[in-house]
Colleague: 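Following this message is one structure expressed as structure tokens.
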Amino acid sequence: MSTPDTFALVDCNNFFVSCERLFQPELRGKPVVVLSNNDGCIVSRSGEAKKLGIPMGGAFYKVRDIVARHGVCWRSSNFSLYGDLSQRVMRILQSFARDVEVYSVDEAFLAFPFVREDIEDVGRLLTRQVEMWTGIPVSIGFAPNKTLAKIATDRAKKHPAAGGVCSLVHASEEQRNAVLAEVPVGDVWGIGRRMGPFLMQQGIQTAYDLKHAPEWLVRKHLTVQGARLVRELRGDVCFPLARTVPKKTIASTRSFRRYITDKRELAEAIATYVGRAARRLRGQSSYASLVTVYIRTNPFSTRYPQYHKSATVAVPVPTASTPRLLTSALAALDTIFAPGFHYQKAGVIFSGLLPMHVWQRTLWGEGEAEQEQDDALMRALDSMNKKWGDGTVFVARQGVQQPWSMRQDHKSRRYTTSWQELLHVKIS
DNA sequence: TCTGGGGTCCTAGGACCC
DNA sequence: TCTGGGGTCCTAGGACCC
């Protein structure tokens, strides 16, 4: 594939809040926030909530007073709803461009093999279409590469008069420089918490400064990824559109509703996470060869002593079988568990993933029958859970009560993915 | 009382080999 | 007396993203 001539980034505005508003019109025009798992952090804010100074990613309990004073509405996160709406948006984008990279739940890069004069009209058509068909407002930025498209999209959001569209495709060098000079260096895609302040210290305040950073500084202090980023600011293409490839690691981690001190409860949580991650592993037709388990106390706590540890074990034979992966995970837990601590979070990570068919081809018959049996059993389990709902069949070790499972006090219904929770509309 | 979850990529440093 | 150095592979951990 030759290098595309135009890149676009489509970004859903306040995505989780927009999803909640779609089915709860009473939330429109009000300050709204959506919280992370366990109702811990703020992960999405409406424009009204941003204006109140509620920080993105901040701890919810720290802004309780603002919430009370201004009547801010809040919702626990509802990922099955967001995932479903995300897919609908992405399908529409795929009808606009052949090359689409779904970058995250609320963002996608598009590539076009042409440069057109009327690209902003295309953008307006696209944003209208998405909003009309899904109810989700989006912004779009066009540019000659991904890094600049990201900047264009941010600009589109800041200047709503332009209809949620911004293009840097036809901008002259001077115009582009003027735009870059308004972007703080820390807001550039790929410059984070550590590099941002460091670059500022070096006198590099804006994206424009970074674009013109001296070569020695780029080589000495930026990673290869950082050097590519600088080249993209200059207009080169260093980050091509990525194809959808299988994940290299699959993780399931959660913090608990309350502290766990009991090893048996910790094992229940681990078993639950193994089940969840193993299902996603099978979803991409992979086997895992390594299982990592980690446990930790609350790093913010000053009341209790700190402890965190992880262990990685190789499974005897790469597998996607929940019970076999669980055996390895519990063995790993045995090596790291220490009594007397208040555990706040645990996680399971599968790595060393390989495609099932590749593995099976290299198998020499040894263990093949067992593996086929495992796979058949898991297929049956997955299809039952798909048919009758999650949690119909599970490994007993997961526990039934799960008193440690996460807190979600203000969760909206699964309007689009659960028959029991479908939106009922009265037609008179 | 209460601070998320799931990823990718890169680098440094140790082990090992010749 | 004087005890190398370069390459590769692996892993842990950091930085960054949404």
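So you know, we letter chains A, B, ... as the sequences are listed, proteins then strands, and number each from 1.
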Colleague: Flag the pair A:Arg228 and A:Asp236 as a salt bridge only when some basic side-chain nitrogen lies within less than 4.0 angstrom of an acidic carboxylate oxygen.
Modeller: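 Here A:Arg228 does not pair with A:Asp236 in a salt bridge, since their nearest N and O are not under 4.0 Å apart.
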Colleague: For A:Phe79 and B:dG4, give me the distance from atom CZ to atom C1', rounded to whole Å.
Modeller: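 My rounded result for the distance is 8 Å.
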Colleague: Heavy atoms only, 4.0 Å cut-off, all strands: where does A:Arg193 land among base, sugar-phosphate and nothing?
Modeller: sugar-phosphate
Colleague: Think A:Ser104 has a side-chain N or O under 4.0 angstrom from the OP1 or OP2 of C:dC17?
Modeller: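 For C:dC17, neither OP1 nor OP2 has a side-chain N or O of A:Ser104 closer than 4.0 Å.
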Colleague: Just how far, in rounded Å, is P of C:dC18 from NZ of A:Lys146?
Modeller: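 To the nearest whole Å, that distance equals 12 Å.
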Colleague: Does a side-chain N or O of A:Lys150 approach OP1 or OP2 of C:dC16 to a distance below 4.0 Å, or not?
Modeller: no
Colleague: Tell me: CG of A:Asp39 to P of B:dT1, nearest whole Å?
Modeller: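 The distance from CG of A:Asp39 to P of B:dT1 comes to 18 Å, rounded to the nearest Å.
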Colleague: Pick base, sugar-phosphate or nothing for A:Tyr259, based on heavy-atom distances below 4.0 Å to the nucleic acid.
Modeller: sugar-phosphate
Colleague: Looking at every strand, decide which applies to A:Met195 at a 4.0 Å heavy-atom threshold: base, sugar-phosphate, or nothing.
Modeller: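 Answer is sugar-phosphate: A:Met195 comes under 4.0 Å of backbone atoms only.
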Colleague: Please confirm whether the shortest side-chain N or O distance from A:Lys345 to OP1 or OP2 of B:dT3 is below 4.0 Å.
Modeller: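 No, outside the criterion.
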Colleague: Just to be sure I understand the rule, does A:Val102 reach a base, reach only the sugar-phosphate, or reach nothing, if contact means heavy atoms closer than 4.0 Å?
Modeller: nothing
Colleague: If I pick the P atom on B:dT3 and the same atom on C:dC18, what distance separates them, to the nearest angstrom?
Modeller: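 Roughly 24 Å separates the two P atoms.
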Colleague: Please find out if less than 6.0 Å separates the ring center of A:Tyr304 from that of A:Tyr259.
Modeller: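 Yes.
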Colleague: Do A:Arg264 and A:Asp262 meet the salt-bridge criterion of a basic N to acidic O distance under 4.0 Å?
Modeller: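 Judged by the 4.0 Å cut-off on N to carboxylate O distance, A:Asp262 and A:Arg264 do form a salt bridge.
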Colleague: Sugar-phosphate means primed atoms, P, OP1 and OP2; the rest is base. With that split, encode nucleotides 6-12 of chain B 5' to 3' as B, S or - using protein heavy atoms under 4.0 Å.
Modeller: SSSSSS-
Colleague: Base, sugar-phosphate, or nothing: which does A:Ile349 touch, judged by heavy atoms less than 4.0 Å apart?
Modeller: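 No contact.
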Colleague: Classify A:Asn37 by what it touches in the nucleic acid, base, sugar-phosphate, or nothing, heavy-atom distance under 4.0 Å.
Modeller: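 It contacts sugar-phosphate atoms only.
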Colleague: Mind checking A:Phe60 for me? I need base, sugar-phosphate or nothing, with any heavy atom below 4.0 Å counting as a touch.
Modeller: nothing
Colleague: Answer yes or no: does a side-chain N or O of A:Asn298 lie under 4.0 Å from OP1 or OP2 of B:dT3?
Modeller: yes
Colleague: Are A:Tyr103 and A:Trp189 an aromatic pair by the rule of ring centers under 6.0 Å?
Modeller: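 Yes, close enough.
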Colleague: Hey, does the side chain of A:Gln344 come within less than 4.0 Å of B:dT3's phosphate (OP1/OP2), counting only N and O?
Modeller: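 Looking at the OP1 and OP2 atoms of B:dT3, one of them is under 4.0 Å from a side-chain N or O of A:Gln344.
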Colleague: Would you verify whether the NZ or CZ of A:Lys146 falls within 45 degrees of the ring axis of A:Phe109 while also being under 6.0 Å from that six-membered ring's centre?
Modeller: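 Yes.
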Colleague: In whole Å, what is the span from the OH atom of A:Tyr304 to the C1' atom of B:dT1?
Modeller: 10 Å
Colleague: To the nearest Å, give me how far apart CD1 (A:Ile54) and P (B:dT3) are.
Modeller: 18 Å
Colleague: Return the value, rounded to whole Å, for the distance between atom CG of A:Asp187 and atom P of C:dC16.
Modeller: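 Those two atoms, CG and P, are 13 Å apart.
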Colleague: For the helix from B:dG5-C:dC18 to B:dC18-C:dG5, what is the angle between the axes at its two ends, each from 5 pairs, rounded to 10°?
Modeller: 10°
Colleague: Please classify the nucleic acid contact of A:Lys62 as base, sugar-phosphate, or nothing, using heavy-atom distances under 4.0 Å.
Modeller: base
Colleague: With a 4.0 Å cut-off on N to O distance, would you call A:Arg88 and A:Asp84 a salt bridge?
Modeller: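 Counted as a salt bridge, because a side-chain N and a carboxylate O are separated by less than 4.0 Å.
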